[in-house]
Amino acid sequence: MERSRYIVRQAIKDADNRILGYEIKYSGSEAYGGESGNDVSAAETIYNFLMQNSEKALRDSRTFMTFTSSLLAKRTPHLFKSKDLVIQIDDSVIIHPFAMHLVQQYVKEGYEIAANDFQFMPRYLALMEYLSYIKIDLAQMSASAAENIMRVAHSMHKKVIATGVDTQQQRDIATSLGVHGMQGEYIADQLANKVHQSSYLRSNFFRLVVAVTREEPDIHEIEQIVSTDVTLSYSLLKIANSAYFARRTQTTSIQQAIVTLGLSQLKRWVYLLSAGDTDDSHLQDSEEFIKISFMRASFASELQKYVKRPVLTRSEAYLLGMFSTLEYLIDAPMEEIIADIPMVDELKQALLRHEGSGGKLLDLVISYEKADWKKITENAEALGIPSAQLATIYFNCMEEVNRIWDQMLNPSPVAEREAAADKTDAQ
């Protein structure tokens, strides 16, 4: 039986933690370099998937992707505009005469090329005129070798991206080398460390102000806005369960929290947030991590539909993904953060100790985010989720998250004017 092909986007960041682009990674790509039947089968799978999902993959960033000889021969890069794509190649392409001929043709068409795991070997050095990027694996080379490559790269005006940045020490080395970008487990895990509790997304907050001050506010619209922002979700649930709103039953969902507060108190809560909305210096740093929370929440909620013998509801799975980043966004232990938030024990244990089926679901979401192919398969099988559907579910969630994110970051001019006026009135 042919194994499932997992496809995921992984962030490439600069030394200031800003997103430079995303690499599309697919399971087993490093093994598909020859002209074997496995390579042809893999190329067919990846090609068919990208035919349906290339627009989703490229919606909001520069995309880096490794192309095998078969994918190059199938003209797969033509699914992407040259300005949006960096074609990555490895040794299997470099030693393949016909594949290298295709690479040269793509360069003439305006595509940029990156060499994976660059080495000081004649065949790599002969490629330099075609390369825009050099990728070096810090986990697989000495510091002196990396320094030598950096000197050559800088002398020839090539941008270097360090991969295998899995620890703080490797990040420090990459920073000292002066690389253009970095990627790896540490980079994927690294969340903002100077983020305040009020770190909601400004454009998201503007939309919320507009929504609550409409003549006839739409509860579903308000719920959607709050549900895309981890700090707003957390703040709303916490205030809804405070002593001021003491109830016999605890509030465990965003919708319940909105109903509990009522529109009058909801407006006061929004105005209270606006009163502390004076420091913008940290917001840019936290935007990506709010988006990660949103993506994890959406992915976990969709995956929960396929879990055999589910314990969590889909809304609880949503909170599981959403709240999984809270201890990074709020400088406190997770146990302390969720102490005042009512939730079923399965959800709490999943967040605190990654236990139970909820813990496996969170592990699946995070392992997919990190492109950890082995753990993806193990967790999917443990939950009874069909692994063949994971890539499609992931990209559908990514498309929806990007669509809503675009709306948040690009509110209409009318909405911005209304929000500013409402905020002034409130003050």
Side-chain angles (χ1 to χ4, degrees), residues 195-214 217-277 283 286-287 289-298 300-301 312-332 334 336-344 347-348 351 401 404-405 407-408 411 419 422-423 426:
V195 180
H196 301 280
Q197 292 190 21
S198 59
S199 297
Y200 45 80
L201 194 66
R202 173 176 289 280
S203 54
N204 203 3
F205 174 69
F206 280 172
R207 292 175 66 235
L208 182 59
V209 171
V210 172
V212 299
T213 54
R214 293 190 193 283
D218 184 337
I219 297 299
H220 295 295
E221 179 189 14
I222 296 171
E223 180 186 3
Q224 183 195 52
I225 294 170
V226 174
S227 295
T228 61
D229 193 313
V230 57
T231 47
L232 290 178
S233 298
Y234 173 72
S235 176
L236 181 61
L237 280 173
K238 189 163 185 178
I239 196 170
N241 285 283
S242 65
Y244 185 84
F245 294 99
R247 292 162 47 107
R248 291 183 179 180
T249 57
Q250 295 178 315
T251 302
T252 59
S253 71
I254 303 302
Q255 187 179 59
Q256 280 183 307
I258 292 171
V259 172
T260 297
L261 266 68
L263 287 172
S264 178
Q265 292 292 347
L266 194 64
K267 290 178 183 178
R268 292 181 184 178
W269 170 66
V270 172
Y271 294 151
L272 180 64
L273 290 177
S274 71
D277 182 29
L283 292 179
S286 63
E287 281 186 14
F289 312 120
I290 294 173
K291 189 176 183 181
I292 288 173
S293 304
F294 185 19
M295 180 62 195
R296 286 185 181 181
S298 301
S301 178
L312 299 178
T313 64
R314 285 192 64 195
S315 61
E316 288 166 343
Y318 189 95
L319 286 181
L320 174 67
M322 178 67 76
F323 283 0
S324 64
T325 62
L326 269 178
E327 62 185 330
Y328 300 98
L329 290 164
I330 298 175
D331 188 18
M334 180 67 78
E336 179 182 325
I337 293 170
I338 65 175
D340 298 328
I341 304 296
M343 56 182 63
V344 297
L347 175 54
K348 183 171 291 187
L351 282 169
V401 166
I404 295 174
W405 199 257
Q407 292 177 358
M408 292 193 299
D422 288 328
K423 183 176 176 181

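What you see below is based on every heavy atom in this structure, not just the backbone, and it leaves out hydrogens, waters and symmetry mates.
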Nearest atoms (heavy-atom pairs only) where Met334 meets Leu351 = CG-O, 4.2 Å
Identify the two heavy atoms, one from Ser324 and one from Arg296, that lie closest to each other, and give their separation to 0.1 Å.
-> OG-NH1, 2.9 Å
For residues Ser227 and Ser233, report the shortest heavy-atom separation together with the two atoms involved.
-> CA-OG, 3.9 Å
Derivation and outcome, side-chain contact (heavy atoms from CB on, under 4.5 Å), residues Leu263 and Ile219 | CA-CA 9 Å; Leu263 287 172; Ile219 297 299; 4.1 Å; yes
Partners passing side chain to side chain contact (heavy atoms under 4.5 Å, CB included) against Leu319 (at least two apart in sequence or in another chain) = Leu237, Phe323, Leu347
Please report the shortest heavy-atom distance between Val401 and Ser298, naming the atom on each side.
-> CG2-OG, 3.6 Å
In Å and rounded to the nearest 0.5 Å, what is the OG1 to CD distance from Thr228 to Gln224?
-> 7.0 Å
Is a side-chain N or O of Glu316 found less than 3.5 angstrom from the main chain of Thr313, in a donor-acceptor match?
-> yes
Pro217 versus Val212, closest heavy-atom pair with distance | CG-O, 3.8 Å
Provide the closest heavy-atom pair for Ala257 versus Thr251 in the form atom of the first, atom of the second, distance.
-> N-CG2, 3.2 Å
Please step through side-chain contact (heavy atoms from CB on, under 4.5 Å) for the pair Leu261 and Leu236, ending with a clear verdict.
-> CA-CA 9 Å; Leu261 266 68; Leu236 181 61; 3.7 Å; yes
With a 3.5 Å cut-off and no angle check, do the side chains of Ser253 and Ser315 form a donor-acceptor pair?
-> no
Can any side-chain N or O of Ser301 pair as donor or acceptor with the backbone N or O of Ala297 at less than 3.5 Å?
-> no
Going from CD1 on Ile338 to NZ on Lys238, what distance comes out if it is rounded to the nearest 0.5 angstrom?
-> 11.5 Å
Is it true that the side chains of Gln256 and Thr252 contain a donor and an acceptor less than 3.5 Å apart?
-> yes
